[in-house]
Amino acid sequence: MAMINGGRVPGNREWETGDLMTCVIARLLKDKETVFHGVSSHMPMVAMQLAKALHAPDLVHLNIPGGVNPDSLRDVSYSSAGPELVRRGESYFSLADIFDLSMRGKLDVAFLGGVQFDAKGNVNASAIGPYKKPKVRLPGGAGSAVLIPTAKKAIIWRTKHDKRTFVEDVDFVTTRGNLWKIVTPLCVFGYKNGRVVLDAIHPNITFEQVQEATGFALKNENILVTEAPTKEELALLRRIDLKNLRSVEFK
Amino acid sequence: MAMINGGRVPGNREWETGDLMTCVIARLLKDKETVFHGVSSHMPMVAMQLAKALHAPDLVHLNIPGGVNPDSLRDVSYSSAGPELVRRGESYFSLADIFDLSMRGKLDVAFLGGVQFDAKGNVNASAIGPYKKPKVRLPGGAGSAVLIPTAKKAIIWRTKHDKRTFVEDVDFVTTRGNLWKIVTPLCVFGYKNGRVVLDAIHPNITFEQVQEATGFALKNENILVTEAPTKEELALLRRIDLKNLRSVEFK
Amino acid sequence: MSKRMGTEEAVQSFVKDGMLLTFSGNALHRAPMSFIREIVRQEKKQLEVAKTAAALDVDLLCAFGLVSTVHAGFVSYESEYGLAQHYRKAVEAGTVTGNEHACYTVICALRGAVMNVPFMPVHGLKYGDLLVENDYFMVVENPFAEAEGKPAESVTLVKTLRPDLAVIHAQVCDEDGNTIIEGAQYEDILISRAANKVIVTAETVVPAGRLIQRKDRIDIPGFLVDAVVHIPNGASPCSCEGKYEASEKDIKRFIEADNKEELHAWVDSYERKDRARNSLSYKGGLGAWR
Amino acid sequence: MSKRMGTEEAVQSFVKDGMLLTFSGNALHRAPMSFIREIVRQEKKQLEVAKTAAALDVDLLCAFGLVSTVHAGFVSYESEYGLAQHYRKAVEAGTVTGNEHACYTVICALRGAVMNVPFMPVHGLKYGDLLVENDYFMVVENPFAEAEGKPAESVTLVKTLRPDLAVIHAQVCDEDGNTIIEGAQYEDILISRAANKVIVTAETVVPAGRLIQRKDRIDIPGFLVDAVVHIPNGASPCSCEGKYEASEKDIKRFIEADNKEELHAWVDSYERKDRARNSLSYKGGLGAWR
């Protein structure tokens, strides 16, 4: 599993898991959508630039520092909430503005994190163990608790796919709501009728591998296979993301 | 009364009622206070500049367009809420910001209007006759209804002093609260223990004249006489207010 | 993808009878007068208007009987121009409901729309008949004080006002809607967020991307804007900072009009200017559009 | 009347044990680190901190046991720097109360302070255990819906957070406190209005009036500011837009410090820089301070 969660996927030499996930995320975004990412979100940030370069030129890229549609990620380093996004942006739209926008139902897509996810679509970003006396205090849900219920589509991406991450019941429900997709190194989950379901499996991954890494039962029905990154996608990715920020979470 | 309400006051050739009222208002302002005026408020606007030139250099002049401390009134014409106050200002602080400031108890002085005032300090800027089917619909209290209760000191100025303006009971209570002074062409009212009281009478005006023009009973006790405008005040006034904006309401 | 359209098309497409509208500016400054005159020409009806301090904008719509309700803190001309007589008479006659606010409660009610909540607490509106007479104000107890066993604390709430459309006249915007408001902004940033749709009418419209060197001056990002209408002198006879002062002559001409014919003549006299459209004023060269 | 003072004096005069503080910036960007290190030197205790997304600022104060409660949506370093271990361990040990918010509910709670109301309605916080576990959230019925006979409508309220002091690190201000924040402003404008007192620490302090030609870039008018402290590199090792990037080396040096001695050594290593004061950097000539 280390290979899959990290570096090169068995059976190909052209792309790594980070490339694949970034392409999968980019394909989920549509033209003209307003799309937000937060801190520690390099992969969605790169995916948004990829989508803009491919099929969504008028996608609106929103972020914590407030730079609307940064024209390049050249200056970006460890942070996906740094001031360079404003420097490179075409206008300014503050974090408070973005939240208000989502409250009004006008944020199309929000990228959010979390540490535990369960079969009912609950997200835990707060604590392992009791909230007031936690075994592990997590960083907190940041915007999740108001964005997952209000963004039209909430997308979660995780670079870890294991039974500690995908559990039967989360320890604490930081939020739930308009969860739309969860993208992992193994698969894409969807959310239907209040349940997390398996939408698609990545190339060279089996259903059994996904089930084995998931702490709740999955159905082996109507599952698609993710298309591998195309040559065009990979070429653009390399140009957009010189520093391989998209894979920073695998390092 | 026409003479007193308007042009030159009997017994002097140096100043008009508008000059006197402006000086009286300026003297009410202290250094470093935050002071706000609204629309149709030329006299307080000039008085604030006069106070800054005399004894209150660090008074903070706030206004509807948002220009903090405009350095001159040279560009001002019919409006006391025009964009020239921003053009001439040292920074920008919006109307919404000013209201919030007052809500936080940090606005020292607010200048407010109104059409009727009664002995209890109630202000009517809304309607003559029933509110929902008024005999006369007035312009409305603008900021008064939230500023008179929250500014530390609310100052009202009126260029008309008659029994229709100062009444026993107002038709409609638009607001009441921290009323501090009312400056008229005849006198300065104060507000003590929930009653409007006569603080000072202007030069060459008698108590009887004030009582005659006022629709509620006044006490002839401890009344001061307003000091006439000094030479220094008049000289500064002419320099600050080239267009005699301070007397625009008498025209 | 330019959002440009003409004045007629913009009113046709975006203004429907019964809508709650809100306008840029304050009193006689930077009201979107050309757009409002086009509303008059197209006779949109039963409109509601929310604005802190209105003047000619609301008075004009009232003069033609197009307004049902006005939510405002102040409706009047300043000083020498006197009261807004058409508004006043309509309220007195009962044909227009004048929902009096403090200017701040309009701001708070619009903040409620920005945040998509049904009400906004307002400190300061504590006394008087506005609280008694108007059902859009309500006084409740602070539930946190109650839960904490603290003394009861009254809190005034104002009901949210959700404009269907904000019309903002600005000095310059680009074809994507990125908009710069020079000088006093009044409540324009607020209404650009509070309204469901936003139209910018502008003295100057430049090609997309041309504002990039002044991007830290952009007040409304383009993605919030639904349509861009190029109308030089679009605020006149109100003022537009950096462009023109209020026209005393033209305002008086409106105020002194004392029958429908003269009012129509006043609106007609602007028709050509109000509708001149899509004549992209940018002719090339940096600074050409400043 | 200059508001300038040194770092030591500013902390002495404005920071009291038990205060609720709020800081500029976000995560590892433009936190007022010099000021916070001086708080550590002066051992101010039982502090509360409110911030949307905190990192080194809160973690440092927690490392020295100076914090009682943190009100935040997110407390962590980004990516490679990992969790805020001092904060985490303090919450796990029960010595710090970690009041988890959504970042937006911190913003709303601060808006409550700006408007001086005891709570703020929040759309969007509808589900989950944050509502159950925390007494600073409450769900009520919309009283307007009730009064109008409409279906019941639940509204979440967040209790207002009223900071005693906001400390804002900016690129430039003048001696009166007029402040320009370049690039991302994060929640700094909001906290400058929400807090009872405001201190600006700045890379560059210019004489009063020197910002007049950039006045439309002033974000905080001087009269809101109580003290101005001149501290070049005052955000380091966090970043300061246009001035310096975050210092990976110095952040790691803090994160890897695993006892009190090393932590003290880290704070001490900045002492001379943090306290260098009143050396007016403006040397004359327009643009000299840019």
Side-chain angles (χ1 to χ4, degrees), chain B residues 29-37 48 51-52 55-72 75 83-110 143 145-152 177-178, chain D residues 1-3 107-120 160-166 170 172-181 185 188-198 200 206-226 228:
Chain B
L29 303 174
K30 294 204 183 108
D31 199 17
K32 298 187 191 176
E33 286 184 327
T34 50
V35 187
F36 168 76
H37 71 77
M48 284 156 72
K52 278 179 87 79
H55 58 273
D58 289 322
L59 180 149
V60 181
H61 175 169
L62 303 171
N63 47 64
I64 286 180
V68 178
N69 289 328
D71 66 359
S72 146
D75 304 345
E84 62 279 355
L85 297 174
V86 175
R87 207 185 305 145
R88 288 282 181 181
E90 67 179 35
S91 61
Y92 183 72
F93 197 67
S94 75
L95 179 63
D97 270 325
I98 294 165
F99 279 123
D100 288 334
L101 186 80
S102 190
M103 299 309 118
R104 300 197 298 277
K106 292 188 171 189
L107 184 64
D108 293 306
V109 182
V146 297
L147 292 178
I148 290 188
T150 58
K152 285 187 196 152
N178 299 335
Chain D
M1 180 211 46
S2 171
K3 293 172 179 170
I107 289 170
C108 291
L110 293 170
R111 285 175 175 170
V114 172
M115 297 171 67
N116 193 18
V117 292
F119 56 79
M120 189 57 45
T160 293
L161 286 167
R162 300 177 194 266
D164 296 296
L165 179 67
V172 61
C173 70
D174 73 13
E175 290 184 300
D176 287 342
N178 291 297
T179 300
I180 295 176
I181 295 166
Q185 300 178 327
D188 298 359
I189 313 299
L190 177 66
I191 66 173
S192 75
R193 272 71 169 167
N196 187 37
K197 299 277 180 184
V198 177
V200 173
V206 301
R210 284 282 176 178
L211 297 178
I212 196 73
Q213 283 175 323
R214 299 173 77 201
K215 68 177 184 175
D216 54 9
R217 293 290 311 281
I218 292 175
D219 299 300
I220 306 173
F223 72 90
L224 290 181
V225 175
D226 295 281
V228 164

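Chain naming here is simple, since letters A, B, ... match the order of the sequence lines and numbering starts at 1 in each.
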Just do the side-chain contact (heavy atoms from CB on, under 4.5 Å) check on His61(B) and His37(B) with the steps written out, would you?
CA-CA 8 Å; His61(B) 175 169; His37(B) 71 77; 3.0 Å; yes

Asp97(B) versus chain D, the contacting section by heavy-atom distance below 4.5 Å:
side chain

How about Asp219(D) and Thr179(D): does a side-chain donor come under 3.5 Å of a side-chain acceptor?
no

Please assess Asn178(D) against Val68(B) for the test side-chain contact (heavy atoms from CB on, under 4.5 Å), listing each intermediate value before the final yes or no.
CA-CA 11 Å; Asn178(D) 291 297; Val68(B) 178; over 6 Å; no

Are any of the side-chain heavy atoms of Asn63(B) and Met48(B) separated by less than 4.5 Å?
no

Residue pair Leu147(B), Phe99(B): steps toward the side-chain contact (heavy atoms from CB on, under 4.5 Å) verdict
CA-CA 7 Å; Leu147(B) 292 178; Phe99(B) 279 123; 3.8 Å; yes

Please classify the contact of Asp216(D) with chain B as side chain, backbone, both or neither, using a heavy-atom distance under 4.5 Å.
neither

Would you mind checking which part of Ser102(B) comes under 4.5 Å of any heavy atom in chain D, side chain (CB onward), backbone (N, CA, C, O), both or neither?
neither

Distance-only polar pair, side chains of Arg162(D) and Asn116(D), donor-acceptor under 3.5 Å:
yes

Take atom NZ in Lys30(B); do more than 12 heavy atoms of anything else shown fall under 6.0 Å from it?
no

Would you mind telling me which of Ile218(D), Val117(D), Val114(D), Ile212(D) has the largest number of heavy-atom pairs within less than 4.5 Å of chain B?
Val114(D)

Can you say whether Ile220(D) sits under 4.5 Å from chain B via the side chain, the backbone, both, or neither, judging by heavy atoms?
neither

I want to check something: taking the side chain as every heavy atom from C-beta on, are Met103(B) and Val146(B) in contact at a cut-off of under 4.5 Å?
yes

If the contact rule is any heavy atom under 4.5 Å from chain D, which residues of residues 87-95 of chain B qualify, in numerical order?
Arg87(B), Arg88(B), Gly89(B), Glu90(B), Ser91(B), Tyr92(B), Phe93(B)

